Enquirer: 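What follows is a structure written as C-alpha cells; I'll ask about it next.
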Amino acid sequence: MRVGVPGPEPPGVHLLPDGEGHWTTRDGRAVPALEGCIDVDVSVTPFTSTLPIRRPGLAPSESAEISVAYIEGTQLQVWPEPQRYTCMKQGDRGGLYRFVSIDGGFTADLPVVDDGLVLDHPGLFRRAVA
C-alpha cells in the first residue's frame with residue numbers, strides 16, 4: 001500500500017501488508033503497531049469502507065469488530081483504529097451498514113450498492129455521479 005500527497009517531493013506512506021495482519025516497511029522492518037490490522041481506512045476517501053463491508057459477508061443485524069490501519073490523509077500518520085460495521089439491511093440493489101469508530105465515537109450509516117461500494121459517508125462525503 002502506498003499513499004501520498006501531491007507536491008514536488010511528496011511525503012508518503014509505504015507499507016506492505018501480507019493479508020494476515022502483519023505489516024512491514026518498504027525495507028522489510030516489521031510494524032508491530034499495525035499487527036492484526038487486515039484492512040486499510042484512508043481518511044480522505046469513503047471507498048476504503050468498502051473493504052471491511054465486503055470481507056466479513058455480514059447478514060442483516062450481524063456485526064464485526066475489526067482493527068484497520070488508519071491513515072490520516074493530510075499528515076499521513078498511520079495508527080491502528082478499532083471499528084465496528086453492522087449490516088442494517090440488505091437487498092438486491094444494495095444495503096445499509098452502520099459504521100462506528102470505537103475509540104473516536106464517530107458513527108455513520110453508510111448506504112451501499114449491491115457489491116458493497118459505499119455511496120455516501122454522511123457528514124464527510126457524497127457521491128456526485130450516479
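Remember, it's a predicted structure, so these values are computed and weren't measured experimentally.
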Enquirer: Is it true that atom CZ of Arg26 has more than 12 heavy atoms of other residues, nucleotides or ligands lying nearer than 6.0 Å?
Expert: no

Enquirer: Taking the side chain as C-beta and beyond, is there a heavy-atom pair between Ile71 and Asp41 under 4.5 Å?
Expert: no

Enquirer: Quick one, Pro60 and Lys89 - any side-chain contact, counting heavy atoms below 4.5 Å?
Expert: no

Enquirer: Can you list the steps and then say if Thr24 with Leu15 is a side-chain contact (heavy atoms from CB on, under 4.5 Å)?
Expert: CA-CA 6 Å; Thr24 57; Leu15 297 172; over 6 Å; no

Enquirer: How far apart are the closest heavy atoms of Pro80 and Leu34, and which atoms are they?
Expert: N-CD2, 3.8 Å

Enquirer: Search all heavy atoms of Ser49 against all heavy atoms of Val118 and return the closest pair with its distance.
Expert: CB-CG2, 3.7 Å

Enquirer: side-chain contact (heavy atoms from CB on, under 4.5 Å) between Trp23 and Val40: does it pass, once the steps are laid out?
Expert: CA-CA 11 Å; Trp23 295 74; Val40 175; 3.5 Å; yes

Enquirer: Are side-chain heavy atoms of Asp39 and Arg55 found at a separation under 4.5 Å?
Expert: yes

Enquirer: When clusters are formed by joining ILVMFWY residues with side-chain heavy atoms under 4.5 Å apart, either directly or through shared neighbours, do Val113 and Leu96 land in the same one?
Expert: no

Enquirer: Between CD of Glu20 and CD of Glu35, what distance do you get to the nearest 0.5 Å?
Expert: 10.5 Å

Enquirer: Under a 4.5 Å side-chain heavy-atom rule over Ile, Leu, Val, Met, Phe, Trp and Tyr, are Val31 and Val42 clustered together?
Expert: yes

Enquirer: Do Trp79 and Glu81 pair up side chain to side chain, a donor and an acceptor below 3.5 Å, judged on atom types alone?
Expert: yes

Enquirer: With rounding to the nearest 0.5 angstrom, report the CD to CD distance, Gln77 to Glu72.
Expert: 7.0 Å

Enquirer: For Ile66 and Pro52, which heavy atoms make the closest approach, and how far apart are they?
Expert: CD1-CB, 3.2 Å

Enquirer: Taking C-beta and beyond as the side chain, do Cys37 and Val68 meet within less than 4.5 Å on heavy atoms?
Expert: no

Enquirer: Has Arg98 got more than 12 heavy atoms of other residues, nucleotides or ligands less than 6.0 Å from its CZ?
Expert: no

Enquirer: Kindly determine whether Tyr85 and Tyr97 satisfy ring pair (Phe, Tyr, Trp, His ring centres under 6.0 Å), including the steps that lead there.
Expert: CA-CA 6 Å; Tyr85 287 86; Tyr97 288 79; 7.5 Å; no

Enquirer: More than 12 heavy atoms of other residues, nucleotides or ligands under 6.0 Å from CG of Asp92: is that the case?
Expert: no

Enquirer: Identify the two heavy atoms, one from Gln90 and one from Ala59, that lie closest to each other, and give their separation to 0.1 Å.
Expert: OE1-CA, 4.2 Å

Enquirer: Any side-chain heavy atom of Gln83 sitting closer than 4.5 Å to one from Ile102?
Expert: no

Enquirer: So, do Val112 and Ile53 sit near enough that their side-chain heavy atoms are less than 4.5 Å apart?
Expert: yes

